[in-house]
Protein chains: 2
Amino acid sequence: MTLVSQASESCADCPIRHRAVCARCEPEELDELDGIKYYRSFEAGQTIIWSGDMMNFVGSVVSGVATLTQTMEDGRTQMVGLLLPSDFVGRPGREGAAYNVVATTDLVMCCFRKKPFEELMARTPHIAVRLLEMTLDELDAAREWMLVLGRKTAREKIASLLSIIARRDASLTSRGQGGPMVFDLPLTREAMADYLGLTLETVSRQMSALKKDGVIHLEGKRHVTVPDIGRLMEEAGDDSDGGFLV
Amino acid sequence: MTLVSQASESCADCPIRHRAVCARCEPEELDELDGIKYYRSFEAGQTIIWSGDMMNFVGSVVSGVATLTQTMEDGRTQMVGLLLPSDFVGRPGREGAAYNVVATTDLVMCCFRKKPFEELMARTPHIAVRLLEMTLDELDAAREWMLVLGRKTAREKIASLLSIIARRDASLTSRGQGGPMVFDLPLTREAMADYLGLTLETVSRQMSALKKDGVIHLEGKRHVTVPDIGRLMEEAGDDSDGGFLV
DNA sequence: CGGCAAATTGAGGGAAATCAATCCAGGTGG
DNA sequence: CCACCTGGATTGATTTCCCTCAATTTGCCG
């Protein structure tokens, strides 16, 4: 069920104002965006966009988590992106959607009809430049993930995913680093498997193994505590103090 | 050995004029680019950029082939991109290089010093828009490759790589489709393995298997004939007549 | 002809997939 | 309140595909 809500929230109060595609906008540019934007809510599990569908809007994730997936005819599925708050959805200058976009939690999107957005983008370089910047970041993330998919073991893959989620979560809640990191997995075991190019059984086994070895603690199936992020990053095969800040 | 050559070739005669980052430029914009560009030649096997190095230039591949690779401390390497004529190298707005760039054939690049290029980009929206377009295409390619790495079998991986090279080669030489496709592999077996997340032995075995099954013909180690591209794409697990034009 | 790097082919082992049987938490209804 | 159901998750047994180690083979250049 798609709901239209929060019809007239101001951009100024927006939680993703400084990270989304509108981050670089001047006040008057923001007013323009404000005029053409609308909010849509999706429930957990709901498909936002079907691959191949006509795309008549683009937008930003305001809250919640969504996944980008590709599927072969025989059903094999690969997740190709994880969309978190402030991430951009849709591709200006292209008609059809290339991937399925599915909400994995309840989710709110800030949408723009594609045509007006493209026209606005042609007039306001701040949006195009910001979008280029975000696209380059996504490209880096995709390439990082190619290394994970192509060359890492199952255990390293799980550790890589956990460390990415842990660090991204920390950058949102911005708690002081050093102490244990605590977060909830936004994905089922099956979704994790689709992200990592594994089966859900292997995901489950490696989660249990990391737990047994004290690399992580689990409460229930989703609640994760990482006592030592450096240890987790070693397990991921990353240089633990390879200090480039994302 | 780095050679500076072709010092004053005109952009108007450039073989990649209509496909590279300058594709959208007006004549006067092109004049500006013409003023700050210079050519560099590299020999097969030569490293163009080391990961982590300071990048003081960006540019386009004019002729030849280069690879983008990522390496783990223990030596495992994953190719994350294949650079063909007209592809862009470097990331505006970032200091250090994220990947190794290696010429796999003799190669010529059209370079711009980074600072002047960035300034020019800020002034001329045609360059920024074109670069966004190219980056989005690369992102699509990277995500397509994630499916290959995460979910395809060794045989499907090889078939996928061959079909991509075959089609891209055909789009350059633009011969009529339907007949057999003939091309030279620009990669060693080891480079293919690094691209596909396999070992070079597995690459060799699967090449032999595809040859035995008549999907491809081989003359020497590099010269490939594809009698039926549809058959090859079936082997790749792609919808053989899934007709979206690249 | 010998020397060398790239490639092929073979034998054996191992990591992850597959097939299958529980387990568990949460929700429903008797 | 407890039995029952359901979907996600865990654990176990077996298989398979690909990796590893190792021996040739091929093509090329001096």
Side-chain angles (χ1 to χ4, degrees), chain A residues 43-46 67 72 74-78 102 104-105 148-162 184-213 216-224 235 237, chain B residues 43-46 67 72 74-78 102 104-105 148-162 184-213 216-224 235 237:
Chain A
E43 291 171 18
Q46 203 180 350
T67 62
M72 294 171 68
D74 61 9
R76 279 177 284 176
T77 299
Q78 176 66 50
V102 181
T104 60
T105 67
V148 172
L149 292 173
R151 291 302 186 192
K152 292 195 177 179
T153 65
R155 171 182 265 244
E156 288 171 333
K157 285 180 175 182
I158 299 286
S160 298
L161 178 58
L162 293 176
D184 284 299
L185 281 173
L187 303 174
T188 65
R189 296 292 185 266
E190 186 179 19
M192 291 172 69
D194 284 341
Y195 205 0
L196 297 167
L198 298 170
T199 60
L200 69 95
E201 293 96 327
T202 299
V203 170
S204 187
R205 275 184 246 276
Q206 297 299 335
M207 288 288 286
S208 300
L210 288 174
K211 178 183 171 186
K212 184 167 68 65
D213 297 345
I216 58 172
H217 300 157
L218 280 175
E219 283 170 75
K221 292 143 192 317
R222 297 294 194 95
H223 197 72
V224 180
E235 291 285 356
Chain B
E43 291 171 19
Q46 203 180 348
T67 63
M72 295 171 67
D74 61 10
R76 281 178 281 177
T77 75
Q78 175 65 50
V102 180
T104 61
T105 66
V148 172
L149 291 173
R151 291 303 185 193
K152 291 196 177 179
T153 64
R155 171 182 265 245
E156 289 171 333
K157 285 180 175 183
I158 299 286
S160 297
L161 178 57
L162 293 177
D184 284 299
L185 280 173
L187 304 173
T188 65
R189 297 291 186 265
E190 186 178 21
M192 292 172 69
D194 284 342
Y195 204 1
L196 296 167
L198 298 171
T199 59
L200 69 94
E201 293 95 328
T202 299
V203 170
S204 187
R205 275 185 247 276
Q206 298 298 335
M207 288 286 288
S208 299
L210 288 175
K211 178 183 171 187
K212 183 167 69 64
D213 297 345
I216 59 173
H217 299 157
L218 280 175
E219 283 170 75
K221 292 141 190 323
R222 298 292 193 96
H223 196 72
V224 180
E235 291 284 355

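Predicted, not measured: the structure shown is a model, and the values here were computed from it. Residue numbers start from 1 in every chain, and the chains themselves are labelled A, B, ... in the order their sequence lines are given, proteins ahead of strands.
For the segment residues 201-212 of chain A, the set of residues with a heavy atom within less than 4.0 Å of an atom of DNA chain C comprises Glu201(A), Thr202(A), Arg205(A), in numerical order.
Between the side chain of Arg222(B) and the backbone N or O of Asp184(B) there is no donor-acceptor pair closer than 3.5 Å. Between the side chain of Lys157(B) and the backbone N or O of Leu196(B), at least one donor-acceptor pair lies under 3.5 Å. The main-chain N or O of Arg76(B) is never found under 3.5 Å from a side-chain atom of Arg151(A) such that the two would form a donor-acceptor pair. A donor-acceptor pair is defined here as one N or O able to donate and one able to accept, closer than 3.5 Å; no such pair exists between the side chain of Arg189(A) and the backbone of Ser204(A). Listed for the Gln78(A) side chain is a donor-acceptor partner under 3.5 Å among the backbone atoms of Tyr195(A). Under a 3.5 Å cut-off, the side chain of Gln206(A) and the backbone N or O of Val203(A) do not form any donor-acceptor pair.
The side chain of Thr199(B) contributes an N or O atom lying less than 4.0 Å from OP1 or OP2 of dC19(D).
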Intermediate values then yes/no, side-chain hydrogen bond (donor to acceptor under 3.5 Å, both in side chains), Asp194(A) and Thr77(A): CA-CA 6 Å; Asp194(A) 284 341; Thr77(A) 299; 4.8 Å; no
List every contact pair, protein side and nucleotides 24-28 of chain D side both N or O, where the distance is under 3.5 Å.
none

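Rounded to an integer number of Å, the gap from Leu218(A) CG to dG8(D) C1' is 14 Å. As a whole-Å value, the separation of Arg76(A) CZ from dA16(C) P is 18 Å. Leu149(B) has its CG atom 17 Å from the C1' atom of dA16(C), to the nearest Å. Atoms NE2 (His223(A)) and P (dA9(D)) sit 16 Å apart, rounded to a whole Å. Residue Leu198(A) contributes atom CG, which lies 11 Å from atom C1' of dA15(C) at whole-angstrom precision. A straight line from CG of Leu200(A) to P of dT11(D) spans 13 Å, rounded to a whole angstrom. Taking atom CD on Glu190(B) and atom P on dC19(D), their separation rounds to 14 Å, with Å as the unit. Remark: P of dC17(D) and NZ of Lys152(B) are 18 Å apart, rounded to the nearest angstrom.
Nucleic acid contact for Gly45(A): none, since no nucleic acid atom lies under 4.0 Å from a heavy atom of the residue. Residue Thr188(A) is classed as a sugar-phosphate contact, given heavy-atom separations below 4.0 Å to backbone atoms only.
Rounding to the nearest 0.5 angstrom, the gap separating the CG atom in Leu200(B) from the CE atom in Met207(B) is 12.5 Å.
Within a 6.0 Å radius of CD in Glu201(A), other residues, nucleotides and ligands contribute more than 12 heavy atoms.
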